[in-house]
Number of protein chains: 2
Amino acid sequence: MPNMKDTIKTVAIDLFYKKSYFASGISDIARLAGIQKSSIYYHYSNKEDILFDILNTTMLDLNSSLNQRLEGLKTAEEKIQAAIESHILFHIERQKEVIIADSELRGLSIENYKTITKMRDDYEGKFQKILKKGIDDGSFIKTDYKIISYGILTMCTAVCLWFDQKGRLSKDEIARIYKGFLINGLKKSHRSNSRHQE
Amino acid sequence: MPNMKDTIKTVAIDLFYKKSYFASGISDIARLAGIQKSSIYYHYSNKEDILFDILNTTMLDLNSSLNQRLEGLKTAEEKIQAAIESHILFHIERQKEVIIADSELRGLSIENYKTITKMRDDYEGKFQKILKKGIDDGSFIKTDYKIISYGILTMCTAVCLWFDQKGRLSKDEIARIYKGFLINGLKKSHRSNSRHQE
DNA sequence: GTCTATAGATGGATAGAC
DNA sequence: GTCTATCCATCTATAGAC
């Protein structure tokens with residue numbers, strides 16, 4: 001039994017995803033929510049407020065998903081695998097919201113913009129910390145960890161753009177393939193390993 | 001000496017990049033181009049026509065950049081390196097346009113949408129063909145070449161989102177780092193190589 | 001090829017009744 | 001908490017003079 005504020009938020013997510021924020025009108029939201037457009041303003045102070053609510057919730061949830069998934073893990077390799085998996089699964093499960101988060105930041109006021117990008121930067125920082133540790137302790141190849149963090153994150157973020165619920169592969173299979181590829185790219189060529197056979 | 005149509009296109013690229021397509025008005029474009037808004041309609045039949053012109057040119061140029069760069073190359077490894085480099089450099093050199101191309105497809109009519117996505121799919125197909133060849137001939141690890149093509153392409157596409165002209169690294173350095181990382185991820189662990197020392 | 005003028009619709013937002 | 005009614009700004013696009 002969702003209250004009206006949740007209903008408004010849900011239809012707004014749908015609209016912003018399908019038509020973009022600026023192409024969606026308050027009247028569109030009201031029509032889909034089944035109320036008059038003036039009633040929107042009882043729940044939200046203006047249009048941007050709806051957008052901010054969506055982005056804020058999304059970033060908070062993204063961040064706590066990562067924190068939960070990392071709990072108790074020790075090595076950089078374990079951690080980066082868990083972080084990659086968490087990021088991919090979130091970007092599939094919350095497809096519409098993360099697409100909005102990735103494309104509608106221009107709809108925010110300067111202040112709100114800073115709030116959201118700060119959360120995003122903190123989140124990225126956690127990936128960078130893991131990568132740096134793995135490079136420093138010799139688990140990963142020597143590379144520019146900042147640039148590679150952008151690479152990994154944007155590659156896994158973009159899954160939300162092409163993932164198809166009815167497609168050939170499940171979200172878990174995609175996470176597995178990406179993890180394998182990325183870990184292979186991060187690790188050295190194992191020539192120093194004791195194993196000499198596959 | 002640009003003509004007025006080019007001027008309109010240039011300021012539209014700037015506006016659509018900064019404010020998004022739907023948040024940009026014909027009056028904004030006219031003001032920046034230094035003419036009255038009605039004069040826009042002498043050069044373009046409507047607002048969408050401007051967007052389509054931008055996207056069409058961008059896709060044509062992206063595609064021909066790739067074709068030129070691939071000319072004469074033989075092996076899958078040579079080809080994928082060249083393709084990655086071409087893709088990254090284009091996404092830095094034409095930053096504004098590719099950001100529009102990646103976020104404003106919803107502004108197109110069904111017909112125009114099909115035209116642009118067809119060009120994008122053909123372009124992606126070239127990457128997939130190279131990857132498949134490399135997997136089949138044993139140069140690359142056995143993996144899902146379609147999924148990995150999305151990974152490589154979206155990772156290199158997203159460079160346009162974070163690249164900073166005044167930043168620490170040049171576009172060539174970024175291309176080199178990404179190429180190294182991706183090739184390392186695509187190739188086997190060399191355990192069968194004759195070299196046993198770094 | 002660019003102008004002035006304007007049509008006609010829709011945008012976000014507010015006032016005040018219930 | 002939702003409604004009706006309305007304000008005013010802005011939007012895309014067109015007509016017709018120069």
Side-chain angles (χ1 to χ4, degrees), chain A residues 1-57 100 103-113 115-116, chain B residues 1-56 100 103-113 116:
Chain A
M1 41 194 57
N3 59 23
M4 183 49 74
K5 188 163 184 174
D6 286 339
T7 304
I8 291 168
K9 193 172 174 178
T10 304
V11 304
I13 289 170
D14 229 64
L15 272 169
F16 296 170
Y17 163 72
K18 280 185 196 142
K19 305 196 353 177
S20 91
Y21 172 68
F22 287 109
S24 305
I26 290 287
S27 11
D28 297 324
I29 298 172
R31 194 176 351 97
L32 288 177
I35 51 171
Q36 294 301 310
K37 59 180 177 176
S38 58
S39 305
I40 303 273
Y41 293 90
Y42 176 79
H43 302 280
Y44 288 100
S45 62
N46 52 41
K47 191 184 167 189
E48 189 203 329
D49 198 20
I50 306 177
L51 177 63
F52 180 73
D53 188 18
I54 295 170
L55 300 184
N56 191 237
T57 309
I100 297 167
S103 55
E104 303 294 4
L105 291 183
R106 287 169 297 186
L108 296 175
S109 67
I110 297 175
E111 202 178 342
N112 283 338
Y113 180 85
T115 305
I116 300 296
Chain B
M1 44 194 58
N3 58 24
M4 183 48 74
K5 187 162 185 176
D6 286 338
T7 303
I8 292 167
K9 194 172 173 178
T10 304
V11 303
I13 289 171
D14 230 63
L15 272 168
F16 295 170
Y17 163 72
K18 281 186 196 140
K19 306 196 352 176
S20 91
Y21 172 68
F22 288 108
S24 306
I26 291 287
S27 13
D28 297 325
I29 299 172
R31 192 175 355 93
L32 288 177
I35 52 172
Q36 295 301 309
K37 58 183 175 176
S38 58
S39 305
I40 303 273
Y41 293 91
Y42 175 80
H43 301 281
Y44 288 101
S45 62
N46 52 42
K47 190 184 167 189
E48 189 202 329
D49 198 19
I50 306 176
L51 178 62
F52 179 73
D53 188 17
I54 294 169
L55 300 183
N56 191 237
I100 297 167
S103 54
E104 303 295 5
L105 289 183
R106 287 169 297 186
L108 296 174
S109 68
I110 298 175
E111 201 177 344
N112 283 338
Y113 180 85
I116 300 296

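Just so it is clear, the values below take in all heavy atoms, side chains as well, and ignore hydrogens, waters and symmetry mates. Each chain gets a letter, A, B and so on, in the order the sequences are listed, and its residues count up from 1.
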- For DNA chain D, note the earliest and the latest nucleotide, 5' to 3', having some atom under 4.0 Å of a heavy atom belonging to chain B. D:dC11 to D:dA15

- Rounded to the nearest angstrom, tell me the gap between atom CG in A:Asp49 and atom C1' in C:dA13. 14 Å

- Task: Side-chain contact test, heavy atoms from C-beta onward, threshold under 4.5 Å: evaluate it for B:Leu51 versus B:Ile100 and give yes or no.
- Result: yes

- Query: Between B:Tyr113 and B:Leu105, which heavy-atom pair has the shortest distance, and what is it?
  - Reply: CD1-O, 3.6 Å

- Query: Which residue pairs pass the ring-ring contact (aromatic ring centres under 6.0 Å, His included) test when at least one of the two sits in residues 22-52 of chain B, sequence neighbours left out?
  - Reply: none

- Query: Any chance the side chains of A:Thr57 and A:Lys9 put a donor and an acceptor closer than 3.5 Å?
  - Reply: yes

- Under the side chain to side chain contact (heavy atoms under 4.5 Å, CB included) criterion, do A:Asn56 and A:Asn112 qualify, and how do the steps go? CA-CA 9 Å; A:Asn56 191 237; A:Asn112 283 338; over 6 Å; no

- Query: Picking from B:Ile40, B:Asn3, B:Asp53, what satisfies side chain to side chain contact (heavy atoms under 4.5 Å, CB included) with B:Ile8?
  - Reply: B:Ile40

- Of all heavy-atom pairs between A:Ser20 and A:Ser24, which one has the smallest distance, and what is that distance? O-OG, 2.7 Å

- Message: Closer than 4.0 angstrom, basic N to acidic O: yes or no for A:Asp28 and A:Lys19?
- Response: yes

- Query: Where along residues 20-37 of chain A does a heavy atom come under 4.0 Å from DNA chain C, residue by residue in number order?
  - Reply: A:Ser24, A:Gly25, A:Ile26, A:Ser27, A:Lys37

